[in-house]
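Single-structure report; data block below.
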Amino acid sequence: MTTDQPVARPAPATATATATATVPAAVPAPRAAAEPARRGFLAKAFGVTALLSAAGSGLGLLRDLLLARYFGANQGTDAFLVAWTVPETAAPLLIEDAMAFLMVPAFSLALVLREERPHGPDPVRQLTRSTLPWLLLALCTLSGAAALGAPQLVDLLAPGLADPQLAVTCTRITALTILPFGVAGYLASALRALHSFTAPAVIYVMYNLGILALLLSGHQLLGVRSAAIGVAVGSALMAGVLLLPFARKLRSGGRRRGLSRGAARRLVLIPLALLPVAAFTLTRQAQVFIERYLGSDLPPGTISHLNYAAKISQLAMTSAILIVTVTFPVVARAMAAGDFTAARDRVEKDLGQAAALVLLGTAFLMACAPALVALLFQRGAFGPADTSATAAVIRVYSFGLPAQAMIGVMVRPYFCVRPVVRRADTPRAEGDRITWLDWYPVGAMLLGLAVTVAVGVGATPHFGALGLAAGNAAGITTTAALLLRGLMLRGVALRLPRVLGGQARLLAAALAAAALGWLAARAAADPLPAALLGGGTVLLSFAALGALFGAAEVRGPVLGLLARARRPRPVPSTAAEGSPHDR
């Protein structure tokens with residue numbers, strides 16, 4: 001899908017979305033007129049993205065099922081999962097989080113400049129020429145360094161690992177993912193900013209197809225190494241599927257404009273803006289490092305239980321993340337044009353919608369975790385003891401899922417305020433100066449990590465993997481609370497009573513739905529009936545209670561469905577009634 005959403009053309013203001021930007025109270029008429037078209041565009045983009053992302057998630061789940069079936073939860077899977085730390089870290093840094101935080105606002109600003117001055121050099125192509133060569137050089141350097149330093153990396157991440165040599169081999173293979181991940185993240189960010197969502201949504205389908213192909217064909221000959229090779233092959237497919245759509249978009253923008261290399265620059269890079277974004281993404285991913293480090297001293301299989309639990313728990317996050325993936329270019333475009341009111345309204349809607357979806361998923365996990373794990377994983381080398389341990393971790397992990405969703409929504413507009421580029425006519429002192437607010441998310445994440453470590457170190461000796469999961473949930477919740485305050489300091493003036501009131505109503509509905517779903521799931525003995533009965537109860541209870549408590553994100557859809565159900569069907573006319581001329 002390539003949809004060009006109508007956007008009101010801003011005046012050529014020089015404000016590049018700073019924290020002190022002022023916003024008119026009234027909504028401009030062009031923007032109000034474009035709202036129906038914008039809603040239709042977002043709905044269509046979300047539908048296409050949701051469908052393709054669901055396919056990617058389904059293939060990812062199949063990948064995890066095959067890992068559990070072929071290899072179970074033992075020292076071999078622990079070694080592979082330590083090696084998987086490389087792509088697990090590279091993916092948020094280079095695909096969805098840091099790269100998107102940097103490049104979606106950058107390309108959005110380039111599009112604003114393109115609209116302001118439709119003649120002359122194309123800012124989008126200028127941005128690509130200025131950033132892509134340096135990115136490729138940095139990615140190649142990082143990939144080589146990770147491969148060469150694999151032994152030291154494994155020893156740092158999991159010093160108590162039972163089979164470190166296997167982990168080193170797998171790490172050297174997975175280090176090859178860094179280059180294609182970075183290319184895929186850059187191209188996907190550009191395409192989303194250009195309102196093209198189909199190709200970026202396909203990348204995880206291609207990624208998991210590559211892994212599945214190697215797992216199915218090579219698990220007997222190569223063992224768990226087949227999964228590592230599949231990760232490398234899948235990452236190459238991710239980048240490859242985006243090259244042609246990006247080239248087409250770039251050519252379509254350049255045909256209407258001159259492209260003289262000597263033309264005056266409209267965008268100026270701000271290299272220092274990279275640092276806070278990359279640091280935040282790495283510190284956020286450090287929660288996984290902490291789990292792997294502390295879990296390596298626990299019995300073999302613990303890291304695998306944590307991994308399987310995290311993969312299932314993250315399924316509840318999929319729809320919530322899809323919302324902000326689709327709306328992020330809208331927020332970035334509004335902030336690039338200096339319209340902080342539109343950005344605030346969109347962020348408040350995203351917080352409510354993401355919370356509704358993730359809390360519904362959390363309630364389901366709380367109610368049906370044992371049945372779900374048994375249904376998905378309990379076969380082959382994955383036994384009942386693994387099911388019990390994984391389900392217990394899922395329930396503890398679930399306490400942190402709402403905070404994960406809130407961070408995913410809030411950090412995007414936060415970093416939009418500081419894009420990686422600025423207008424050439426913005427004063428250098430204003431455009432390039434880095435302040436303490438740029439580092440606020442990093443500080444919030446570091447405090448959250450301190451809580452994670454404190455809870456994990458204190459609870460792990462007594463509760464094992466459950467202590468690590470509790471530390472994860474406590475730390476991420478601390479970060480979310482701090483980031484909520486930071487977003488307001490940054491200039492996005494959220495109406496806090498409205499936001500927190502909506503979250504409280506959704507939370508109350510989710511807690512009650514989880515309790516009712518748990519009682520319903522206990523009434524069935526087999527995993528499939530238990531999951532269906534518990535899940536159905538959770539869905540109906542959450543919908544009814546959310547509407548009753550006045551949660552707008554639930555009440556609106558529920559009332560809409562009821563209105564459609566009550567709407568009388570048209571009665572077909574019959575010949576006996578005659579025509580109007582016969583009466």
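Quick note: residue numbers are just sequence positions, from 1.
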Worksheet entry | Residues Leu244, Arg248; criterion side-chain contact (heavy atoms from CB on, under 4.5 Å); working and verdict | CA-CA 6 Å; Leu244 186 57; Arg248 286 174 177 168; 3.5 Å; yes
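- Every residue two or more places apart in sequence or in another chain that forms a side-chain contact (heavy atoms from CB on, under 4.5 Å) with Leu216 is listed here: Leu66, Tyr70.
- Between His305 and Phe382, the ring planes are perpendicular. Angles over 60° get that label, and only those under 30° would be called parallel.
- Taking 4.5 Å as the limit, every side-chain heavy atom of Tyr308 sits out of range of all side-chain heavy atoms of Ile394.
- With contacts defined as side-chain heavy-atom distances shorter than 4.5 Å, the pair Met488/Met410 does not qualify.
- Checking side-chain atoms of Ser143 against main-chain N and O of Ala175 turns up a donor-acceptor pair under 3.5 Å.
- The two residues Leu215 and Ala227 come nearest to each other via the heavy atoms CD2-CB, 3.9 Å.
- You'll find the side chain of Leu157 stays beyond 4.5 Å of the side chain of Tyr293, heavy atoms only.
- Taking CZ from Arg485 and CG from Leu494, the interatomic distance works out to 11.0 Å, rounded to the nearest 0.5 Å.
- Of all heavy-atom pairs between Thr174 and Thr171, the closest is OG1-O, 3.1 Å.
- Residues Leu176 and Ala232 share a closest heavy-atom pair of CB-CB, 4.4 Å.
- Of the possible donor and acceptor atoms, none in the side chain of Arg172 sits under 3.5 Å from a partner among the backbone N and O of Val168.
- A distance of 10.5 Å separates CD of Glu553 from CG of Leu359, quoted to the nearest 0.5 Å.
- Here the rule is side-chain hydrogen bond (donor to acceptor under 3.5 Å, both in side chains) with Glu291, and of Asn307, Thr452, Asn472, Thr302 only Asn472 fits it.
- Nearest approach of Tyr397 to Ser313, heavy atoms of both residues: CB-OG, 3.7 Å.
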Discussion item. Go through it in stages, so that I can follow the logic: the residues are Phe280 and Ile407, the test is side-chain contact (heavy atoms from CB on, under 4.5 Å), and I'd like the CA-CA distance, side-chain angles, deciding distance and then a yes or no.
Written reply: CA-CA 11 Å; Phe280 172 80; Ile407 290 174; 4.0 Å; yes
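- Residues Phe181 and Leu139 fail the side-chain proximity criterion, which asks for heavy atoms closer than 4.5 Å.
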Ignoring hydrogens and angles, write down the donor-acceptor pairs under 3.5 Å from the side chains of residues 200-211, residues two or more places apart or on other chains.
| unit_1 | atom_1 | unit_2 | atom_2 | d |
| --- | --- | --- | --- | --- |
| Asn208 | OD1 | Arg63 | NH1 | 2.8 |
| Asn208 | ND2 | Gly56 | O | 3.0 |
| Asn208 | ND2 | Tyr204 | O | 3.0 |

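- Between Val451 and Ile476 the shortest side-chain heavy-atom distance does not fall below 4.5 Å.
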Item to complete: Please assess Ile173 against Val231 for the test side-chain contact (heavy atoms from CB on, under 4.5 Å), listing each intermediate value before the final yes or no.
Response: CA-CA 8 Å; Ile173 297 171; Val231 170; over 6 Å; no
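- Separation of atoms CZ (Arg284) and CG (Leu446) is listed at 14.0 Å; rounding is to 0.5 Å.
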Result block: side-chain N/O donor-acceptor pairs under 3.5 angstrom for residues 350-358, not counting sequence neighbours:
| unit_1 | atom_1 | unit_2 | atom_2 | d |
| --- | --- | --- | --- | --- |
| Asp350 | OD1 | Arg346 | NE | 3.1 |
| Asp350 | OD1 | Arg346 | NH2 | 3.0 |
| Asp350 | OD2 | Thr327 | OG1 | 2.8 |

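- Applying the salt bridge (charged side-chain N to carboxylate O under 4.0 Å, His left out) test to every pair with at least one member in residues 144-154, sequence neighbours left out, gives no pairs at all.
- Of the inter-residue distances, the one linking Leu61 atom CG with Ile312 atom CD1 reads 7.5 Å to the nearest 0.5 angstrom.
- Heavy atoms only, all atoms of each residue included: Leu482 and Tyr440 are closest at O-OH, 2.7 Å.
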If you look only at distance, which donor and acceptor atoms sit under 3.5 Å apart when one is on a side chain in residues 186-193 and the other is two or more places apart or in another chain?
| unit_1 | atom_1 | unit_2 | atom_2 | d |
| --- | --- | --- | --- | --- |
| Tyr186 | OH | Thr131 | OG1 | 2.6 |
| Ser189 | OG | Gly185 | O | 2.8 |
| Arg192 | NH1 | Glu96 | OE1 | 3.3 |

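- Between Pro413 and Leu487 there is a side-chain heavy-atom pair separated by less than 4.5 Å.
- In this structure, the ring of Phe80 has its center no less than 6.0 angstrom from the ring center of Phe71.
- The line from CZ of Arg344 to NZ of Lys349 is 11.0 Å long, rounded to the nearest 0.5 Å.
- The side-chain contact (heavy atoms from CB on, under 4.5 Å) test applied to Ala473 returns Phe399, not counting sequence neighbours.
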Discussion item. Checking Leu449 against Thr283 for the side-chain contact (heavy atoms from CB on, under 4.5 Å) test, could you report, in this order, the C-alpha distance in whole Å, the side-chain angles of both residues, the deciding distance, and whether it holds?
Written reply: CA-CA 8 Å; Leu449 287 177; Thr283 50; 4.1 Å; yes
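- Closest approach of Met99 and Leu94 over heavy atoms only: CB-O, 3.3 Å.
- The CG atom of Leu127 sits 4.5 Å away from the CZ atom of Phe107 when rounded to the nearest 0.5 Å.
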